Amino acid sequence: MVFRKLPGVSASGMGLRLSQKFVFLLFLSGLVTLCFGALFFLPDSVRLKRIFLSKTESQPVTVGSENDVREHLKKGAKDPEHLRGITSAKGETSTKLKALSRKPSVTNEAKTDKKDAGGEALEDMMLSRSKTESASKDEKVTSSSNQGANTDTSFDYNKFKKCLLKPPLGIEHGKPSDPQTLQRREKVKECDVWHCKSLYPLVLTVLCPVCFAGGLRGASIVDSLDTLYIMGLMDEYNDAKEWVETSLDLNSNGEASLFEVNIRYVGGLLSAYYLTGEEMFKRKVMVLGEKLLPAFNTPTGIPRGVINLGSWGWASAGSSILAEFGTLHLEFVHLSELSNNGIYTEKVMNIRKLLNKIEKPHGLYPNFLSPVSGNWVQHHVSIGGLGDSFYEYLIKSYLMSDKTDEEAKKMYYSALEAIEANLVQKSPGGLTYMAEWRGGILDHKMGHLACFSGGMVVIGADDGAPEKRQHYLDLAAEITHTCHESYSRSATKLGPEAFRFDGGAEATATRLSDRYYILRPEVIESYMYMWRLTHDPKYREWGWEAVEALEKHCRVEAGFSGIRDVYAQTVSHDNMQQSFFLSETLKYLYLLFSDDDLLPLEDWVFNTEAHPLPVVRKSCLQGEGGTHDKTTSE
Ligand code: DMJ
């Protein structure tokens, strides 16, 4: 065609046949493509390359200012792909091209990469070798995860502190003025020292006395950080902190429960950061948070229950459990707060959206949902195991949002209405309990786990319809009373795993398999909230009964142990000290015997593993800050 336009020269005049012309053109275009393609393989310094390739394709995206970061993150929140070219810290650079060509698998890179230069690297160089190795490994994961979620480290900790209404640790760490209460509090503290003395040397040498099979190690250490700090056990806290800093390996290969990792590790690291301001905790939790994101890559966005942190992704098929995928909200909102990246909030809002929209039998939420179809898998409803913390997180999301999250509020009170209409029962002996619901048929059993609901109902009492306030207070008190009965009707004064209200039973376990107690916190948790909100002294008395029973039946040489049968006069130990004993049971007991200004409920909500997370005061955090009551001291 070109030839036809040349004056005086016809195509045929060049003596070429059509097929020859075609071959010639093919050769020419191949040559041009080859030359252009070769530009990509030239070193960055070659001028030709800079001339021909546009800036955005060949040069690093320099994230120079906070605003640049925000801009990328804003886009990233809408389009996670966009985030792939951004590395972990403010001011760092990355190549979009490089990021796009990265393989999703991280393991090889993690082994060979060197840690990026910058503030964090410098800091690491000053720490021990193992710390450098561990932090560096974590950093590798962040930069090669291709999620690029956590990039902004500009969270203003001082401003956050100013936005709290009261100092977190109150006056003198919430020391009660009444000597008997103080004595009881000291006893609880001593229990914690006891576990530390026996457990920590093991932790520090053997490394893994309490861990998840195949998952992350050191659950007890991360879980107990804030308890130690709140109790003022600074030597033990410093040991735990050092372990986290030097030995917590976030790349561990093997399956782990997304729920467990979230409530213990994410929750534990977040609360440790908010309480202490230690940047190391924030860095760790940011890395971990990012590693959880692939779990949400399902057709519905409902995450799989089991993940593999080492190989990046979810590990198992099957249904997702309501209490697991519905217990991410508090931690994920804080991951977004700290990283200034909405992606975490987006993930959990997506879950909520689905749950809000889906048809619910009698307004109830069944325990199993398919992450593929987004439908309920069967109709078993429980306020205990499999369902519990989903309801807890609805009301706590509302409270943690500084009472702005109206959707969470609405969902919580409608769920509570459905629970009251379908599950709440009164026994012949006058005990109020929460039965379980199996496709419309009631199972008159209440699990120990469901005993958290006394606390849940009481913290939400004030924000329901005004005419219901007293009703909620009464309901909370009745449930807590029933749970106390399940303790006081046993030989050990500790409660069984599940108790029944049929066949003549009233708050007692009828099956052998339900008779164990594994140091669970839920009953004591409700005592703590009931005490804080009513100041009825009986809750402190009930708490003390539990301390005495724990001391008598569960204390062993190496810490505390669960028991196999709460009705047996002579106990048999299961030789397990659950990690929640440290994070929840002892913490709630300590708070029960402290003044209300230790972690005041106006400022803090506790995640389902009792890790305190601060109320997010958006307007204060975005404005000048400073609601701190200056009359109190730290
Ligand atoms: C804790 O790990 C959490 O409270 C969870 O939500 C369910 N129960 C255990 C302790 O019993």
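Heavy atoms only: backbone and side chains are in, while hydrogens, waters and symmetry mates are out. For ligands, and for the atoms within them, numbers begin at 1 and follow the listed sequence. Numbers here are sequence positions counted from 1. Owing to the predicted nature of the structure, the values given are computational and were not obtained by experimental measurement.
- Applying the 4.0 Å criterion to heavy atoms of E522 picks out, from ligand 1, the atoms 8 (N), 9 (C), 10 (C), 11 (O).
- The nearest heavy-atom contact from the protein to atom 1 (C) of ligand 1 is E584 OE2, 2.9 Å.
- Remark: the Y487 side chain and the H448 side chain contain an N/O donor-acceptor pair separated by less than 3.5 Å.
- Judged as a side-chain contact (heavy atoms from CB on, under 4.5 Å), and not counting sequence neighbours, the contacts of H362 are L364, N422, W437.
- Looking from atom 5 (C) of ligand 1 to the surrounding protein, the closest heavy atom is T608 OG1, 3.8 Å.
- Between E609 and ligand 1, a contact under 3.5 Å exists for at least one N or O pair.
- Counting the atoms of ligand 1 from 1 in the order shown, those under 4.0 Å from a heavy atom of L449 are 7 (C), 8 (N), 11 (O).
- For the residue pair S382/D388, the side-chain donor-acceptor check at 3.5 Å is not satisfied.
- Distance alone, capped at 3.5 Å, places no donor-acceptor pair between the T480 side chain and the S526 backbone.
- At a heavy-atom cutoff of 4.0 Å, ligand 1 is contacted by the side chain of P521 but not by its backbone.
- Every residue meeting the side-chain contact (heavy atoms from CB on, under 4.5 Å) condition with E407, not counting sequence neighbours, appears here in chain and number order: M349, R352, N356, D405, M411.
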